[in-house]
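Below: the structure, in structure tokens.
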Protein chains: 2
Amino acid sequence: MNAPTIAHINCADCPIRHRAVCARCEADELEALDTIKYYRTYEAGQPIIWSGDVMNFVGSVVSGIATLTQTMEDGRTQMVGLLLPSDFVGRPGRDGAAYNVVATTDLVMCCFRKKPFEDLMAKTPHIAHRLLEMTLDELDAAREWMLVLGRKTAREKIASLLSIIARRDASLTPDGAVQSMTFDLPLTREAMADYLGLTLETVSRQVSALKKDGVISLEGKRRVTVPDMGRLMEEAGDDSDGGFLL
Amino acid sequence: MNAPTIAHINCADCPIRHRAVCARCEADELEALDTIKYYRTYEAGQPIIWSGDVMNFVGSVVSGIATLTQTMEDGRTQMVGLLLPSDFVGRPGRDGAAYNVVATTDLVMCCFRKKPFEDLMAKTPHIAHRLLEMTLDELDAAREWMLVLGRKTAREKIASLLSIIARRDASLTPDGAVQSMTFDLPLTREAMADYLGLTLETVSRQVSALKKDGVISLEGKRRVTVPDMGRLMEEAGDDSDGGFLL
DNA sequence: AACGAACTTTGACCTAGATCAAACGGGACT
DNA sequence: AGTCCCGTTTGATCTAGGTCAAAGTTCGTT
């Protein structure tokens with residue numbers, strides 16, 4: 001049989017180009033994975049897990065978008081993660097979910113029952129290594145977001161969010177360095193506000209301001225085009241090391 | 001020979017009670033670790049790594065406290081992690097440091113040159129698993145902190161920080177459930193501000209307010225006693241599920 | 001004991017973003 | 001075509017926390 005050229009820890013055959021590729025995985029490991037995985041779909045708006053629930057599976061997003069949120073008793077909520085295709089959900093070695101996971105668009109997940117996955121992980125070190133790598137990436141992302149939440153102005157926050165979404169979007173259809181780009185905002189103003197620690201009114205105002213200043217332009221409420229990614233990243237307060245490489 | 005009863009991924013013999021224990025590690029793995037580790041000390045205020053530097057070691061804190069910070073070009077800084085004894089530093093599989101790491105007190109680190117550590121990790125799956133577990137814990141902590149930064153008021157932020165420090169402190173000398181406790185603040189008001197996304201003046205004011213309201217009392221500027229941990233956690237806005245278990 | 005430097009507190013004022021409120025799409029129903 | 005609903009925009013006002021400034025502590029040094 002053919003050895004696969006692209007091998008992800010979760011799916012050998014998911015219909016997306018996975019962001020992360022594990023070239024080390026062997027064909028028989030993938031086959032082992034194939035025998036225990038299953039797909040599951042969710043509708044837009046449908047909750048996937050509530051914080052505190054037992055979570056008897058792990059998995060990753062195949063298509064669609066989900067959010068990870070934390071909520072205080074009085075209703076204040078903070079989004080702590082945005083799950084785009086190829087992102088991993090769940091925590092091997094722990095039963096309770098720590099966050100609410102909600103599908104914000106129609107969503108397909110590729111799942112594994114937790115126990116078999118953990119068994120497989122114990123047997124195949126590459127999977128654990130890959131998972132460690134992904135978790136470290138997520139940790140970096142979370143820490144980058146702490147800077148956004150703690151120290152950036154509302155305008156910088158919006159620009160940071162747009163820049164992150166654009167970057168993730170671009171990585172799915174890469175063209176090397178990109179100067180301008182267009183994409184769909186997968187989030188309502190309220191969801192953006194929850195991600196950024198702002199109110200939806202402030203989000204709306206700042207989006208309007210960025211539009212007025214020509215940093216972005218809108219087609220409808222959701223379709224955004226960024227004429228100059230470098231400019232956007234300046235607005236985000238990131239050290240723009242010139243080009244926008246992937 | 002005696003199998004060790006407490007085995008941490010980094011040190012078999014570090015003079016601290018490690019927060020996290022890996023009972024699965026075998027004696028020979030520990031011996032292998034012993035042969036490649038070394039200790040290093042830093043003075044209070046001394047930088048350990050600058051963001052962007054090549055980092056040719058990984059390690060963990062044995063004693064003392066270090067901070068992980070990110071800085072924008074204009075000087076705004078956000079602390080993204082507080083390294084207490086037993087915390088791990090560094091990223092197997094990546095060369096560049098992503099943050100500034102600074103010793104805030106005199107510090108002892110237990111280090112491994114990165115390459116040998118990675119080799120060892122490849123050979124001993126338990127180490128990778130343990131590291132994954134620790135990284136997932138850190139990710140949870142980072143996400144909890146996102147809620148603090150994004151949605152909590154200044155007073156809640158201070159209470160959250162005190163509660164976290166108290167919790168970590170207590171876990172080093174555990175007594176089961178704790179009602180009241182006393183500890184030293186390891187951070188200046190400025191460092192607290194950088195952690196919380198506030199200014200040092202606001203930190204000072206809110207600490208004074210918590211003191212005036214009897215939530216805490218101070219002995220000097222740094223020694224804090226919390227008469228009622230439950231009260232403190234209420235102030236922090238955490239769902240205080242009654243007792244303060246560890 | 002006096003001096004300095006670093007850290008902390010407190011006060012007065014200001015502003016970015018929150019809050020409250022009203023109006024404005026735009027698409028999915030009848 | 002009308003209307004209902006949900007998301008969005010925009011305006012007017014308020015306030016938590018930032019900014020600027022000046023004292024007060026603590027502690028190590030001469």
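Order of the sequence lines sets the chain letters (A, B, ...), proteins ahead of strands, with each chain counted from 1. All values below come from the heavy atoms of this structure, side chains included, with hydrogens, waters and symmetry mates left out.
- The main-chain N or O of A/R151 is found under 3.5 Å from a side-chain atom of B/R76 such that the two form a donor-acceptor pair.
- At a cut-off of 3.5 Å, with distance as the only test, no side-chain donor of A/N100 or A/S51 sits close to an acceptor on the other residue.
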For every nucleotide of nucleotides 19-25 of chain D, 5' to 3': is a protein heavy atom under 4.0 Å from its base (B), only from its sugar-phosphate (S), or from neither (-)? BB-----
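- Following rounding to the nearest Å, B/K212 (NZ) and C/dT10 (P) show an atom-to-atom distance of 11 Å.
- Side-chain contact, B/S217 with B/T225: a donor N or O sits under 3.5 Å from an acceptor N or O.
- In summary, the side chains of B/S160 and B/S163 do not present any donor paired with an acceptor at a separation below 3.5 Å, with no hydrogens or angles considered.
- Relative to the axis of its first five pairs, the axis of the last five pairs of the helix from C/dA1-D/dT30 to C/dT30-D/dA1 sits at 30°, rounded to 10 degrees.
- Counted within 6.0 Å of CZ on A/R40, heavy atoms from surrounding residues, nucleotides or ligands total 12 or fewer; the atom is thus considered open.
- Residue A/V203 is the one, among A/R151 and A/V203, whose nearest nucleotide of DNA chain D lies closer to the 5' end (criterion: closest heavy atom).
- Note: A/R223 CZ to A/D184 CG = 4.5 Å, rounded to the nearest 0.5 Å.
- The environment of B/E190 atom CD is sparse: at most 12 non-hydrogen atoms of other residues, nucleotides or ligands sit within 6.0 angstrom.
- Here the C1' atom of nucleotide D/dT15 and the CD atom of B/Q206 are 13 Å apart, to the nearest Å.
- In this structure, B/K157 atom NZ and D/dA16 atom C1' are separated by 11 Å, rounded to whole Å.
- A salt bridge is absent between A/R143 and A/E138: the closest approach of a Lys/Arg side-chain nitrogen to an acidic carboxylate oxygen does not fall below 4.0 angstrom.
- Classification of A/R231 and A/E235 as a salt-bridged pair holds, one side-chain N sitting under 4.0 Å from a carboxylate O.
- Residues A/R155 and B/L218 each lie close to DNA chain C; by heavy-atom proximity, the contact nearer the 5' end of the strand is made by B/L218.
- At a threshold of 4.0 angstrom between heavy atoms, the contacts of A/T188 are confined to the sugar-phosphate backbone, with no base atom among them.
- Listed by residue number, the members of residues 190-198 of chain B with any heavy atom below 4.0 angstrom from DNA chain C form an empty set.
- A distance below 6.0 Å separates the ring centres of A/Y195 and A/W145.
- If you measure from atom CZ of A/R223 to atom P of C/dG26, you get 17 Å, rounded to the nearest angstrom.
- For B/R94 and A/D137, the salt-bridge test passes: some basic side-chain N is under 4.0 Å from an acidic carboxylate O.
- For the OP1/OP2 pair of C/dT10 and a distance below 4.0 Å, the side-chain nitrogens and oxygens of B/S208 include at least one atom meeting the criterion.
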